[in-house]
Every structure is written in C-alpha cells, then in structure tokens.
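One structure is given here, and the rest of the page talks about it.
Both counts, for ligands and for their atoms, begin at 1 and track the order of listing.
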Amino acid sequence: MQVFVGCDHAAVAEKNTLKEFLIEKGFNVTDCGIQEGEKADYPLMAQKVCDEVLKNEENFGFLICGTGIGISIKANRNKGIRAALAYDEFSAAMAKEHNNANIICFGARTMGTQNILKYTQAYLDATYAGLTEEGKRHDNRVKMLDMD
Ligand code: RB5
C-alpha cells in the first residue's frame with residue numbers, strides 16, 4: 001500500500017506538511033509534486049496522483065489546491081477514483097466509512113494546515129463499512145459509482 005500526495009501552486013506548504021505528517025505515521029509516501037517556486041495546473045496534478053492510486057486497490061492519496069474543488073472535479077473523472085472534498089472531521093471519516101474514498105481533497109486557502117491534519121487523521125482512523133454484512137448497502141452504492 002502506498003500513499004500519494006499532490007498539489008498545485010496554491011498548496012505547496014500544506015502538501016509538504018501533510019506529507020511529513022503521513023511519513024511520521026509510518027506511511028510510504030510518494031510526493032507527486034509540486035515544490036516551492038513551481039507552478040502547476042491542478043488538473044495535471046490530480047491526474048498524476050490518480051494514475052498512481054489506480055495501480056493498486058490499497059493505495060490512496062491526498063490532493064490539495066486553493067479550494068480543493070478543481071482538483072476533486074478532475075480526480076473524479078477517473079473511473080475507480082472516489083475523491084472526496086473533506087470539510088470537517090465528520091465528512092473526512094464518512095468519506096472512508098461510507099464512500100471508501102481513495103483520494104481526499106483539501107483546500108489550502110479555505111481550511112488551513114491544522115484542519116487539514118485533523119481531517120486527515122479522521123480519515124485514517126475510519127474504516128470502510130462496506131465489507132461487513134451489516135454495511136453491504138454501502139458497498140452496493142460504491143459499486144454503482146462506476147456504472148456507466
Ligand atoms: C489556483 O489559483 C486555483 O484556481 C486552484 O488552486 C484551485 O482553487 C482550483 O479549484
């Protein structure tokens with residue numbers, strides 16, 4: 001299982017802090033870019049992370065742009081990607097528990113670094129409910145997300 005992080009120029013500092021946070025927790029983290037001083041279009045950065053996450057079902061990732069909106073829109077155009085723009089700890093946990101989100105998106109200009117770390121922790125602490133008999137309805141719905 002690998003974790004991928006990516007951002008555009010609006011969120012380099014937040015992405016770097018999040019990356020360190022994940023490394024300290026023992027995750028194998030790959031930084032898909034960008035670095036301070038560089039500029040990048042959020043659709044291209046989203047695609048880089050999506051391509052990596054899609055290589056293994058256990059992989060997941062984090063994408064940050066100014067609002068988290070553009071980068072989540074692009075990520076969700078990939079079949080198999082379930083990108084959630086988390087806006088508090090509850091939504092971050094639910095994104096995992098009910099939606100089995102494999103990418104969590106944040107807005108650097110809308111939530112701040114401490115909130116990003118808090119929401120990340122909530123996501124990491126959550127478990128996907130769809131694998132139990134009781135939570136089967138969630139898995140049925142998640143499978144519908146990729147239906148044509
Ligand atoms: C870049 O200025 C900004 O548009 C981008 O980071 C993001 O907020 C788009 O959704």
Ligand 1-proximal atoms of Thr67, by part, heavy-atom distance under 4.0 Å = both
ask   = At a non-hydrogen distance cut-off of under 4.0 Å, which region of Ala10 contacts ligand 1 (side chain, backbone, both, or neither)?
value = side chain
task = Check each of Ala46, Gly70, Cys7, Ala11 against atom 10 (O) of ligand 1 and report the one with the nearest heavy atom.
result = Gly70
Shortest non-hydrogen separation from Gly70 to Cys65 and the atoms involved = N-SG, 4.1 Å
Which of the ligand 1 atoms, numbered from 1, are nearer than 4.0 Å to a heavy atom of Gly66 = 5 (C), 6 (O), 7 (C), 8 (O)
task = Evaluate side chain to side chain donor-acceptor pair (under 3.5 Å) for Gln35 paired with Asp31, printing each intermediate quantity in order.
result = CA-CA 9 Å; Gln35 303 310 325; Asp31 188 342; 3.1 Å; yes
query = Under 6.0 Å from the OH atom of Tyr128, do we count more than 12 heavy atoms belonging to anything else shown?
reply = yes
inquiry  = Need the ligand 1 atom indices (1-based, order shown) with element for anything under 4.0 Å from a heavy-atom of Cys65.
reply    = 6 (O), 7 (C), 8 (O), 9 (C), 10 (O)
ask   = Nearest protein heavy atom to atom 2 (O) of ligand 1, by residue and atom, and its distance?
value = Arg109 NH1, 3.4 Å
query = Between Phe62 and Tyr123, what is the ring plane arrangement, given parallel below 30°, perpendicular above 60°, and tilted in between?
reply = perpendicular
request  = Specify the protein heavy atom at minimum distance from atom 5 (C) of ligand 1: its residue, its atom name, and the distance to 0.1 Å.
outcome  = Asp8 OD2, 3.2 Å
request  = Among Asn99, Ile103, Leu145, find the residue that satisfies the side chain to side chain contact (heavy atoms under 4.5 Å, CB included) test when tested with Arg82.
outcome  = Leu145
ask   = For atom 9 (C) of ligand 1, what is the nearest protein heavy atom, given as residue, atom name and distance?
value = Tyr42 CE2, 3.5 Å
ask   = Do you see a donor-acceptor pair shorter than 3.5 Å between the side chains of Asn16 and Glu20?
value = no
